[in-house]
Amino acid sequence: MLTSTDGTRQVQNLIGGEWLPARSGRTLTRENPADISQLVATCPASGPPDVDLAMAAARDAATRWAATPADERVAVLDRALDLLEARSDEIVTADVRESGKTRADCQGEVSRAIAATRYQLKIAPGLLHQTRVLDSGLDAVLDRAPVGVAALVTPWNYPFSAVLRKSIPTLVAGNAAVVKPSELTPVTGQLIGAALLDAGLPAGVFNLVFGTGGEAGQALVDHPGLGAISFTGSARVGLAIPERVGARDVKVQVEMGGKNPLVVLADADLAGAVDAAVHASYTAAGQWCIATSRIIVEESGYEEFRDRFVARTRQIRVGDGSDPEVDMGPVSSRAQYDKVLSYLDPGRLSGTVLCGGGTVAGRPDLADGYYIAPTVIDRPDPDSAIVQEEIFGPVVALLGAADLDHAIALANGTRYGLCAAIFTSSTGRAQRFARAVDVGRVGVNVPTSVGDMTVPGGGRKSSGRGEYEGAGDGITFFTHLKPVYFAR
Ligand code: NAD
């Protein structure tokens with residue numbers, strides 16, 4: 001990857017082991033969301049001819065890679081993780097500049113993604129090949145065979161993690177991959193590609209095609225040569241993918257957004273609940289799928305929780321994520337900035353703005369970035385857009401609930417079902433909530449964002465579809481399982 005004297009990276013596609021521009025020669029530019037006068041990168045504006053080229057390279061490489069013994073596949077991918085670990089400072093710096101997140105957040109993203117994929121490599125051989133001695137007197141061999149070429153389409157909010165955590169299980173299973181990272185965050189994807197090549201991954205096994213969703217993404221998802229698609233992004237795009245796949249024999253995994261509720265009952269440890277709410281609401285400026293965006297508080301504790309939460313929200317230091325004193329960076333792009341502000345338009349907004357409500361007041365130093373003040377909205381109408389739609393910004397809706405049943409009804413009252421959490425000192429009430437809430441994972445006295453790389457989990461309703469258990473022993477490898485029974 002070339003770097004200009006002003007620090008701009010010139011990212012290219014990785015196809016068949018070569019770094020290439022788009023066939024059309026067109027490029028896209030990416031500005032630093034913390035200071036839009038800085039250009040972070042240019043990347044190819046790829047279209048169908050580039051996707052065709054990448055698919056052909058991947059199909060060529062897939063057969064030989066599938067025939068490579070699993071322990072050799074593990075070894076080369078492990079070497080790539082060693083290189084990524086050694087290069088993590090460079091990756092973190094690139095992540096901060098292209099995503100706008102804080103350095104601490106990006107450091108956590110990179111180290112957790114490397115740890116999670118090391119774990120995936122450790123357990124993969126045992127999951128891909130199993131033998132069982134059956135009570136029936138037969139033996140069974142359960143081999144998981146790769147599906148061929150997988151398309152991996154990823155978002156910008158955790159760009160390193162999204163590409164790595166999809167790629168490693170796909171590749172260790174013996175598939176080839178064509179990855180379409182978000183056009184907003186090309187550099188982290190390119191650094192992963194470089195590490196895989198440097199580690200000795202054969203040419204064509206891992207390919208990168210940069211470009212917009214409408215051009216490169218669409219051409220990839222619609223390509224007839226695919227065996228699998230893994231998509232993470234908005235429900236707007238994701239929900240249409242299974243339909244677009246139609247009758248094709250393609251495995252589909254679709255991970256989408258959330259409108260995650262944190263329920264705080266009157267018997268809760270309020271300080272713990274406030275900490276959890278602040279962390280999950282404002283990390284990544286609220287731009288993570290597991291963010292808390294609705295807080296539902298039992299009426300008898302409502303005012304106290306509200307006052308403490310608003311006081312803590314006011315203390316959040318907003319600024320350029322590369323400054324270690326900053327707690328929250330900008331939102332990622334002009335489109336995201338305009339979208340979040342549109343929800344805060346007084347003509348559209350339901351409820352009362354308790355703090356924030358737009359750009360950061362009194363901070364002319366933030367005028368060149370996409371900064372939005374952490375915002376709390378008091379008692380909006382539960383049916384209003386601010387409560388129902390995924391805003392993906394530092395905006396939290398506070399709602400009152402008469403009791404646990406009311407809180408459960410409110411928690412379940414959106415189209416999303418990614419994750420939820422409850423704060424209460426009653427085990428019984430926590431268990432009742434955990435059973436009744438229609439989401440992929442539940443936290444008790446922990447933030448909505450808590451998860452673990454060894455535990456599977458997925459989304460419900462408009463938050464997830466298909467083979468979606470991407471962690472722990474539910475890793476999505478994209479394989480065909482064909483058990484073979486042997487007479488003893
Ligand atoms: P997005 O849907 O706009 O884009 C995601 C990816 O899809 C990008 O690479 C984009 O270029 C591509 N794309 C866009 N249109 C396409 C099309 N028509 N065909 C094929 N590909 C297309 O989402 P985003 O704005 O990049 O990311 C934010 C969203 O991602 C939020 O909704 C967030 O909740 C979600 N997300 C979910 C998870 C999860 O695990 N559930 C994790 C992170 C982010």
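First listed ligand is number 1; within each ligand, the first listed atom is number 1. The shown structure was predicted, so the numbers you read here are calculated from the model rather than taken from an experiment.
- Residue-ligand proximity: Ser182 is placed with a non-hydrogen atom under 4.0 Å from ligand 1.
- Of the heavy atoms in Tyr158, none comes closer than 4.0 Å to ligand 1.
- What you find for Asn175 and Leu171 is that their closest heavy atoms are O-CD2, 3.4 Å.
- In terms of polar-atom proximity, defined here as any N/O pair under 3.5 Å, Glu390 does make such a contact with ligand 1.
- The atoms of ligand 1 that sit less than 4.0 Å from any heavy atom of Val153 are 6 (C), 7 (O), 9 (O), 12 (C), 21 (N).
- Residue contacts with ligand 1 for Trp288 are absent, since no atom lies close enough (heavy atoms, distance under 4.0 Å).
- Residues Gly329 and Ala285 approach most closely at O-CB, 3.8 Å, considering heavy atoms.
- Closest heavy-atom approach to atom 36 (N) of ligand 1 among the candidates Gly217, Gly214, Ala162, Cys289: Cys289.
- Taking the six-membered ring for Trp and thresholds of 30 and 60 degrees, His279 and Trp288 have ring planes more than 60 degrees apart, a perpendicular arrangement.
- Which parts of ligand 1 touch Glu183 is read off a 4.0 Å heavy-atom cut-off, strictly below it: atoms 10 (C), 11 (O).
- No part of Gln287 comes within 4.0 Å of ligand 1, judged by heavy-atom distances.
- Using a 4.0 Å cut-off to heavy atoms of Gly233, the atoms of ligand 1 that qualify are 2 (O), 5 (C), 23 (O), 29 (C), 30 (O), 32 (O), 35 (C).
- The distance from the CD atom of Gln336 to the CH2 atom of Trp156 is 4.0 Å, given to the nearest 0.5 Å.
- Residue contacts with ligand 1 for Leu184 are absent, since no atom lies close enough (heavy atoms, distance under 4.0 Å).
- Any N or O atom pair closer than 3.5 Å counts here, and Gln218 shares at least one such pair with ligand 1.
- Judged by the 6.0 Å distance and 45° axis criteria, Arg334 is not positioned over the aromatic ring of Tyr370.
- The residue Glu215 has no part lying near ligand 1, judged by heavy-atom distances below 4.0 Å.
- Taking 4.0 Å as the cut-off between side-chain N and carboxylate O, Glu215 and Arg26 count as a salt-bridged pair.
- Every residue was checked against the side-chain hydrogen bond (donor to acceptor under 3.5 Å, both in side chains) condition with Tyr371, not counting sequence neighbours, and none meets it.
- Only side-chain heavy atoms of Val237 come within less than 4.0 Å of ligand 1; its backbone N, CA, C and O stay farther off.
- Considering CZ of Arg165 and CG of Leu152, their distance stands at 14.0 Å, rounded to 0.5 Å.
- Between Arg165 and ligand 1 there is no heavy-atom distance shorter than 4.0 Å.
- In summary, the atoms of ligand 1 found under 4.0 Å from a heavy atom of Phe231, numbered by their order in the structure, are 2 (O), 5 (C), 6 (C), 7 (O).
- The pair Asp320-Arg103 does not count as a salt bridge, with every side-chain nitrogen at least 4.0 angstrom from each carboxylate oxygen.
- At a 4.0 Å heavy-atom cut-off, ligand 1 touches Lys180 through backbone and side chain alike.
- By the 4.0 Å N-to-carboxylate-O rule, Arg23 lies too far from Asp52 to be salt-bridged with it.
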